[in-house]
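No hydrogens, no waters, no symmetry mates; every other heavy atom, side chains included, goes into these values. In what follows, chains carry the letters A, B, and so on, assigned in the order in which the sequence lines appear, proteins first and then strands, with residues in each chain numbered from 1.
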Amino acid sequence: AQSVTQPDIHITVSEGASLELRCNYSYGATPYLFWYVQSPGQGLQLLLKYFSGDTLVQGIKGFEAEFKRSQSSFNLRKPSVHWSDAAEYFCAVGNRDDKIIFGKGTRLHILP
Amino acid sequence: DSGVTQTPKHLITATGQRVTLRCSPRSGDLSVYWYQQSLDQGLQFLIQYYNGEERAKGNILERFSAQQFPDLHSELNLSSLELGDSALYFCASSPVLGSGNTIYFGEGSWLTVV
């Protein structure tokens with residue numbers, strides 16, 4: 001069965017600082033990996049996804065993520081965060097039937 | 001706007017009651033998912049339908065049921081409601097099965113059980 005662990009429940013960074021959100025997954029086959037963002041009172045919006053090929057994936061809003069098979073990780077990064085990036089971020093793993101399981105999320109706080 | 005429409009947006013009901021949440025997927029999407037989001041459990045996968053057939057089941061209680069209709073809209077029925085059922089219920093949709101399609105989320109239906 002597939003599962004996702006996001007070890008950090010809350011992360012606080014200063015505006016303009018770099019960001020890395022951690023995600024570890026468990027899945028027997030090649031996973032499909034996703035990062036979604038949820039702003040307060042909103043649904044989830046896809047930031048980026050990995051299916052195959054280049055292990056460094058570029059997404060919207062200046063985010064990127066790197067798939068590391070040896071570490072079963074898919075960490076999300078951004079070189080310089082903006083106050084508008086404050087939100088909750090979800091990592092997810094999918095199988096070939098599109099059953100997608102989400103981690104518990106990491107809430108990002110931005111200091112001015 | 002993801003194109004996934006959920007109604008109602010907010011719902012308050014009493015314990016023991018039954019409610020129905022409705023979802024219209026994006027135009028052309030055949031697959032519909034239901035998720036429950038609560039503070040203590042996070043985002044839990046409930047059930048997935050594909051072209052009217054149940055495809056995958058997650059942590060869905062027996063008091064809950066869902067279906068997808070021929071026009072591809074879906075309904076999630078929650079019965080014998082308990083206080084702990086208070087949560088945000090998301091519907092999501094994707095085009096077809098396989099190959100890790102992106103799923104698109106609606107804005108959710110807030111259910112409060114009092």
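- Within the 3.5 Å criterion, the main-chain N or O of B:Gln41 finds a donor-acceptor partner in the side chain of A:Lys104.
- Put simply, A:Val37 and A:Ile110 are part of the same group of oily side chains (I, L, V, M, F, W, Y) that touch within less than 4.5 Å, one to the next.
- The structure places CG of A:Leu44 at 11.5 Å from CD of B:Glu107, a figure rounded to the nearest 0.5 Å.
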### Steps toward side-chain contact (heavy atoms from CB on, under 4.5 Å) verdict (B:Leu88, A:Gln38)
CA-CA 13 Å; B:Leu88 181 56; A:Gln38 183 181 26; 4.1 Å; yes
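- Under the 4.5 Å side-chain heavy-atom criterion for Ile, Leu, Val, Met, Phe, Trp and Tyr, B:Ile60 and B:Tyr50 are members of distinct hydrophobic clusters.
- For A:Ile60, the CD1 atom is densely surrounded, since the number of other residues' heavy atoms within 6.0 Å is greater than 12.
- Between B:Leu43 and A:Glu88 the shortest side-chain heavy-atom distance does not fall below 4.5 Å.
- Looking at A:Tyr50, there are no atoms closer than 4.5 Å to chain B (heavy atoms on both sides), in backbone or side chain.
- For B:Leu39, the CG atom sits in a loose shell: 12 or fewer heavy atoms of surrounding residues, nucleotides or ligands are nearer than 6.0 Å.
- Listed here is the closest heavy atom pair of A:Tyr36 and B:Ile103: OH-O, 2.7 Å.
- Linking Ile, Leu, Val, Met, Phe, Trp and Tyr whenever their side-chain heavy atoms come within less than 4.5 Å puts A:Leu48 and A:Tyr27 in one cluster.
- Both the backbone and the side chain of A:Ile100 have a heavy atom closer than 4.5 Å to some heavy atom of chain B.
- Residue-environment remark: CG (B:Leu61) exceeds the threshold of 12 foreign heavy atoms within 6.0 Å.
- When the candidates B:Tyr104, B:Trp110, B:Tyr35 are compared by the number of heavy-atom contacts under 4.5 Å with chain A, B:Tyr35 comes out ahead.
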Before you tell me yes or no, could you show the steps for A:Phe102 and B:Phe105 under ring pair (Phe, Tyr, Trp, His ring centres under 6.0 Å), namely the whole-Å CA-CA distance, both residues' side-chain angles and the distance that decides it to 0.1 Å? CA-CA 13 Å; A:Phe102 287 80; B:Phe105 282 79; 5.6 Å; yes
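- No chain of hydrophobic side-chain contacts below 4.5 Å, direct or via other Ile, Leu, Val, Met, Phe, Trp or Tyr residues, connects B:Val4 to B:Tyr49.
- The two residues B:Gln37 and A:Phe90 come nearest to each other via the heavy atoms NE2-CZ, 3.3 Å.
- Contact of B:Gln6 with chain A is not made at all, since no heavy-atom distance falls under 4.5 Å.
- Residue B:Lys9: no heavy atom, backbone or side chain, is found under 4.5 Å from chain A.
- Under the 4.5 Å side-chain heavy-atom criterion for ILVMFWY residues, a single connected hydrophobic cluster contains both B:Leu76 and B:Leu111.
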